[in-house]
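Only this structure's heavy atoms are used, side chains among them; waters, hydrogens and symmetry mates stay out. Counting starts at 1 for both ligands and their atoms, in listed order.
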Amino acid sequence: MRLAAPGSARMGQPLMNIEQIDLYAISQRLVTPFKTSFGTQQERSCLIVALHSEGLTGWGECVATNDPGYSYETAVTAWHILSDFLIPAMMGKDLQEPTQLRDWLRHVRGHPLAKAALDQAAWDITAQRDGLSLAHKLAAPYPEGPKARVEVGVSIGIQPTIQETMTVITQHLEEGYGRIKLKIKPGHDLALARLARQTFPDARIMLDANSAYTLNDTPLFQAMDDLQLLMIEQPLAYEDIYQHSKLRPHIHTPLCLDESIHSAADTQLAIDIRACDIINIKPSRVGGWTEAREIHDLCQAAGIRTWVGGMLETGIGRAAQLALAALPGITLPGDISATARYYAQDIATHFFLNPADSTIDVPTGPGLGIVVDKKRLTAVSQQKATFTP
Ligand code: OSB
Ligand code: MG
């Protein structure tokens, strides 16, 4: 490994020349279909990147999937943006710290899910170089350091009937999950929330609308005021911040933003116009872990509570979610269910729930602290490309 030139702006850790990047398009079948207000997933596609330097490999997961339902990005657009623009912009560069990536990739507008895969791999490989877990590297600026285990909950897709949803909730409560998130959509909302509250009076229950409503539905949300919900996530349009600020003073349930927040700048806007009480920080949605940590800092300073959201990640993405959720300012349970909830087999180390306190242990090994099962990765790959300078 070479050192930065003496007198250069970047003294510190050794430079890592980016020698090779592999890109995989994979697809794995979910244990059960996952239905939201924007669609149903049974086969979950995503992209995996492997960043090679100095004998180390950093791993990243791009959570763009088959349909542009959650975000405009799909696995196909992400493959194009990564292989034609983002990877060429990285290739042969000297990586010192992962915080450099935002500048390297800024000329590509948007496409945060594609960028986040490379950002995650850069955090992983530099943490390995530093002999640190990703959680410790991310938490380096905070004196209290990372948490050893993080509180998690489970996200329950839309079931055929609300009675069936009660059965699924019971199963997950019995497994030890201490926070239940229910997906809602118009016509599958108030009666569901009421029955869930009635059936499970003490459970921590929240709802996620995935942008299925408008301000005209304010009375519907007011009707939920007395249900003691932990929060309602993203009720209004997927890119809106302003209308959420109009809804918020009229409801008692804490309002959480997911889809609308793409950056630290969006976060500052949401804080300034009081659009939300809570932010779901999804590192992929905001282009990576550097931006996610900035959002954490802004929210902590402003008294906005935060948690780490999920996108049905494999063990690779789950490990990186856990490392972020270990930051000291993240106080609400994350959507980081055990790997087996979605995948019977997986491409990396499985994570297990500690049922006594609804937590998952944060990996302690260098970088992501996982082992990638290369055989399984190859078996589920539909396409692979290798890039060199
Ligand atoms: O809105 O949080 C969401 C999954 C895919 C797309 C969007 C969302 C979700 C989830 C699942 O809620 C979270 C998870 O368990 O990974
Ligand atoms: Mg959401």
Start with the C-alpha distance between Y72 and H111, add both sets of side-chain angles, then the distance that settles ring pair (Phe, Tyr, Trp, His ring centres under 6.0 Å), and finish with yes or no. CA-CA 8 Å; Y72 60 82; H111 299 281; 5.4 Å; yes
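Of all atoms in ligand 1, numbered sequentially from 1 with element shown, those under 4.0 Å from a heavy atom of E233 are 2 (O). Annotation for ligand 1: atoms under 4.0 Å from non-hydrogen atoms of K183 are 1 (O), 2 (O), 3 (C), 8 (C), 9 (C), 10 (C), 12 (O). Taking every non-hydrogen atom of K181 and a distance limit under 4.0 Å, the qualifying atoms of ligand 1 come out as 2 (O), 3 (C), 12 (O).
Of the protein's heavy atoms, L312 N, 2.8 Å lies nearest to atom 16 (O) of ligand 1. From the protein, the heavy atom lying nearest to atom 14 (C) of ligand 1 is Y342 OH, 3.4 Å. Regarding atom 13 (C) of ligand 1, its nearest protein heavy-atom neighbour is G310 O, 3.4 Å. Scanning the protein for heavy atoms near atom 1 (O) of ligand 1, the closest one is N210 ND2, 2.7 Å. Given atom 4 (C) of ligand 1, the protein heavy atom at minimum distance is F34 CE2, 3.6 Å.
Contacts between Q234 and ligand 1 below 4.0 angstrom, taking non-hydrogen atoms only, are absent altogether.
What you find for W289 and Q321 is that their closest heavy atoms are CZ2-N, 4.4 Å. In terms of heavy atoms, L113 sits closest to E73 at N-OE2, 2.7 Å. When all heavy atoms are compared, the tightest approach of K115 to R109 is NZ-C, 4.3 Å. Contact record, E239 with S260: C-OG, 4.1 Å, taken as the closest heavy-atom pair. Here the shortest heavy-atom pairing between A50 and W59 reads CB-CZ3, 3.7 Å. In terms of heavy-atom proximity, T339 sits nearest to F351 at OG1-N, 2.5 Å.
Residue contacts with ligand 1 leave out R341, since none of its heavy atoms falls under 4.0 Å from the ligand. Heavy-atom separations between R318 and ligand 1 include at least one value shorter than 4.0 Å.
Here E259 does not reach the Mg ion (ligand 2): none of its N/O/S atoms is less than 2.8 Å from the metal.
Partner of L95 under the side chain to side chain contact (heavy atoms under 4.5 Å, CB included) criterion, out of T126, L15, N17: T126 alone. Evaluated for a side chain to side chain contact (heavy atoms under 4.5 Å, CB included) with I169, the options V154, I205, T199, L182 yield exactly one hit, L182.
Annotation: cation-pi pair R293/W123 absent, no NZ/CZ under 6.0 Å from the ring centroid and within 45° of its normal.
For ligand 1, one of its N or O atoms has an N or O atom of D258 under 3.5 Å away. Residue D208 has at least one nitrogen or oxygen atom sitting less than 3.5 Å from a nitrogen or oxygen atom of ligand 1, judged on distance alone. Polar contact with ligand 1: present for M311 (N/O pair, distance under 3.5 Å). Residue K282 has at least one N or O atom closer than 3.5 Å to an N or O atom of ligand 1. In terms of polar-atom proximity, S155 is counted as a contact of ligand 1, with an N or O under 3.5 Å from an N or O of the ligand. Between F38 and ligand 1, a contact under 3.5 Å exists for no N or O pair.
The aromatic rings of Y342 and F34 lie perpendicular to each other, with more than 60° between the two planes, well past the 30° mark.
Expressed to the nearest 10°, the angle at the Mg ion (ligand 2) joining OD2 in D258 with OE2 in E233 is 90°.
Restricting D208 to its N, O or S atoms, the one at the least distance from the Mg ion (ligand 2) is OD2.
Cluster membership check: I261 shares its hydrophobic cluster with L207, using side-chain heavy-atom separations under 4.5 Å among Ile, Leu, Val, Met, Phe, Trp and Tyr.
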